[in-house]
Number of protein chains: 2
Amino acid sequence: MDAEAIKQSLEGSGLRCTPQRYAVMAFLMEHNRHPTAAEIFEAVNRADPRSSRATTYNNLRDLVQAGLVREVAVEGRAARFDVKGMRHHHFICDRCGEVEDMAWYDVPKPAKGSLGKRIVRECELIFRGLCTKCAPRRASG
Amino acid sequence: MDAEAIKQSLEGSGLRCTPQRYAVMAFLMEHNRHPTAAEIFEAVNRADPRSSRATTYNNLRDLVQAGLVREVAVEGRAARFDVKGMRHHHFICDRCGEVEDMAWYDVPKPAKGSLGKRIVRECELIFRGLCTKCAPRRASG
DNA sequence: TCAAGTATTTAGATTATATCTAATATGACA
DNA sequence: TGTCATATTAGATATAATCTAAATACTTGA
Ligand SMILES: [Mn+2]
Ligand SMILES: [Mn+2]
Ligand SMILES: [Zn+2]
Ligand SMILES: [Zn+2]
């Protein structure tokens, strides 16, 4: 991955490019697998420099706030994260909780009247059902 | 609310209509406010009979599995619940985490090819931004 | 160059949320 | 009524995330 590009995007958002923060970002860019914070923590610590759990959570929070990373809440499970590169929707498996990317397509905006004073920042489409791994065992489960 | 209707829908799903389970369902039908499990637990215990925390969670899990109730995961906060009566979308506030209903409208299904072996059960549209209460304090916040 | 201020990291404690356990109670139905 | 599956319970436990306060690293500008 392009180290310089990561540095740019961090600094462009007013965040220092620390080794710990860089490692989180690089890991997310290399694995579009929607890892949990715990998985990211473990992964970035396989290589040096070591990063504490608090720092991993802090950095994920900062990256989400900066709009570089998205947090996906999954009922009953740890949150998952991905880089906000290309726009896409998500598929979440009822059975195993896996989050998978779905091709992006435009979503019709809500009628003006129904918004009131709310300010809409984004619009997210989530498909739910059984993933490729879980679909076959549907009956047994 | 129609007590008999609640009883019917529980038994129609193979669930006994126990006082504790009924209380959860009745509370959700009276308050379309998306309460958390903790709020439901507290609310149903203001009246008799008393229901334990484990039972409240167990019943919410059963009701979700039966398709009568929906669980809405909110990043960094407790899950929220609502009855699956009329179809609707959700608006989730970035700042305070409030979940609000939005008028339902049809969502275009994904292209056939993009699904693979996945089985889609439902399709959920989530709007994010600032709610009516939080929008004014945007800058300060 | 260096002092001072700010941002970041850290280990471990703490909180928040949800589930598990194993004992008891309840209800369906033969 | 007796049997058995279902449901409830208090409290312990697990899991996920945040907080704390001290140390470290970087930035700025005299
Ligand atoms: Mn994704
Ligand atoms: Mn709702
Ligand atoms: Zn799955
Ligand atoms: Zn709000």
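Nothing here was measured: the structure is a model prediction, and the numbers come from that model. Reminder, nothing fancy here: chain letters follow the sequence lines and each chain counts from 1. Atoms considered below: every heavy atom in the structure, side chains included; atoms not considered: hydrogens, waters and symmetry mates.
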**Student:** Kindly say if Q20(B) contacts the phosphate of dT26(C), meaning a side-chain N or O under 4.0 Å from OP1 or OP2.
**Tutor:**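 No, because none of the side-chain N or O atoms of Q20(B) sits under 4.0 Å from OP1 or OP2 of dT26(C).
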**Student:** Which residue lies toward the 5' end of DNA chain D, G76(B) or S51(B), if each is placed at its nearest nucleotide?
**Tutor:**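 Residue closer to the 5' terminus by nearest nucleotide: S51(B).
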**Student:** Ignoring hydrogens and geometry, is there a side-chain-to-backbone donor-acceptor pair from E39(A) to T36(A) under 3.5 Å?
**Tutor:**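 Indeed, once roles are kept as given, a pair shorter than 3.5 Å links the two residues.
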**Student:** Please list, by residue number, the residues of residues 8-16 of chain A whose heavy atoms come closer than 4.0 Å to an atom of DNA chain C; answer none if no residue qualifies.
**Tutor:**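 Hits under 4.0 Å, by residue number: R16(A).
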**Student:** Looking only at side-chain atoms of Y57(A), point me to the closest of dA16(D), dT9(C), dA18(C).
**Tutor:**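 So the nucleotide nearest the side chain must be dA16(D).
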**Student:** Rounded to whole Å, please give me the gap between CZ in F81(B) and P in dT17(C).
**Tutor:**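 The distance from CZ of F81(B) to P of dT17(C) comes to 12 Å, rounded to the nearest Å.
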**Student:** Looking only at side-chain atoms of A78(B), point me to the closest of dA17(D), dT9(D), dT17(C).
**Tutor:**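 Nearest to the side-chain atoms of A78(B), counting from C-beta on, is dT17(C).
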**Student:** Send over the distance from N45(B) CG to dT9(D) C1', rounded to a whole Å.
**Tutor:**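 To the nearest whole Å, that distance equals 12 Å.
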**Student:** In whole angstrom, what separates D62(B)'s CG from dA7(D)'s C1'?
**Tutor:**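 Distance, rounded to whole Å: 9 Å.
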**Student:** Could you give the CZ-to-P distance, from F41(B) to dG11(D), as a whole number of Å?
**Tutor:**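 In whole Å, dG11(D) P and F41(B) CZ are 11 Å from each other.
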**Student:** Any luck finding a side-chain donor-acceptor pair between R21(A) and N59(A) under 3.5 Å?
**Tutor:**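 Side chains of R21(A) and N59(A): pair found under 3.5 Å.
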**Student:** Flag yes if more than 12 heavy atoms outside E42(A) fall under 6.0 Å of its CD atom; otherwise flag no.
**Tutor:**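 No, CD of E42(A) has 12 or fewer neighbouring heavy atoms, counting only those of other groups under 6.0 Å.
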**Student:** Record whether the side chain of R53(B) comes under 3.5 Å of the base of dT19(C) through a donor-acceptor pair of N or O atoms.
**Tutor:**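 By the distance-only test, yes, there is a pair.
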**Student:** Once you apply a heavy-atom cut-off of 4.0 Å, does A79(A) come out as touching a base, just sugar-phosphate, or nothing?
**Tutor:**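 Here A79(A) touches the backbone only, sparing every base.
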**Student:** CZ of R21(A) versus P of dT10(C): gap in Å, rounded?
**Tutor:**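 Going from CZ in R21(A) over to P in dT10(C) covers 11 Å.
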**Student:** Rounded to the Å, how far apart are R80(A) CZ and dA17(D) P?
**Tutor:**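 To the nearest whole Å, that distance equals 11 Å.
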**Student:** Just compare dA11(C), dT9(C), dT9(D) and give me whichever is closest to any side-chain atom of A54(A).
**Tutor:**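 Output: dA11(C).
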**Student:** Distance check: side-chain N/O of N58(A) vs OP1/OP2 of dT10(C), anything under 4.0 Å?
**Tutor:**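 For N58(A), the contact criterion (side-chain N or O under 4.0 Å from OP1 or OP2 of dT10(C)) is not met.
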**Student:** OP1 or OP2 of dA7(D) sitting under 4.0 Å from any side-chain N/O of T55(B)?
**Tutor:**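 So the side-chain polar atoms of T55(B) never come under 4.0 Å of the phosphate oxygens OP1 or OP2 of dA7(D).
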**Student:** Quick check: on DNA chain C, is the nucleotide nearest P19(B) upstream (toward 5') of the one nearest R77(B), or the reverse? Name the residue that is more 5'.
**Tutor:**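 Nearer the 5' end of the strand: R77(B).
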**Student:** With no hydrogens and no angle check, do the side chains of D82(A) and H88(A) hold a donor and an acceptor under 3.5 Å apart?
**Tutor:**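 Yes, H88(A) and D82(A) have a side-chain donor paired with an acceptor closer than 3.5 Å.
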**Student:** Do the side-chain N or O atoms of T36(B) get closer than 4.0 angstrom to the phosphate oxygens (OP1, OP2) of dT17(C)?
**Tutor:**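 Negative; the distance criterion is not met.
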**Student:** Using atom types as modelled and distance alone, determine if a side-chain donor or acceptor of Y57(B) lies under 3.5 Å from a backbone N or O of A38(B).
**Tutor:**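 No: the side chain of Y57(B) does not pair with the backbone of A38(B).
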**Student:** Let me know the distance between CD1 of I40(B) and C1' of dA18(C), rounded to the nearest Å.
**Tutor:**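 Nearest whole value for this atom pair: 14 Å.
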**Student:** Using a strict cut-off of less than 4.0 Å between a Lys/Arg side-chain nitrogen and an Asp/Glu carboxylate oxygen, indicate whether R61(A) and E71(A) qualify as a salt bridge.
**Tutor:**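 So R61(A) does not pair with E71(A) through a salt bridge.
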**Student:** Any donor-acceptor pair under 3.5 Å joining the side chain of R50(B) to the base of dT8(D)?
**Tutor:**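 For R50(B), whose side chain was compared with the base of dT8(D), there is no donor-acceptor pair (under 3.5 Å).
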**Student:** Can E98(A) and K133(A) be counted as an ion pair, charged N to O under 4.0 angstrom?
**Tutor:**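 No salt bridge links E98(A) with K133(A).
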**Student:** Does T18(B) put a side-chain nitrogen or oxygen below 4.0 Å from OP1 or OP2 of dT8(D)?
**Tutor:**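 Yes, such a contact exists.
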**Student:** Enumerate the ring-ring contact (aromatic ring centres under 6.0 Å, His included) contacts for residues 32-53 of chain A, please, sequence neighbours excluded, ordered by first and then second residue.
**Tutor:**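 As it turns out, the ring-ring contact (aromatic ring centres under 6.0 Å, His included) pairs with a partner in residues 32-53 of chain A, which skip direct neighbours, are H34(A)-H90(A).
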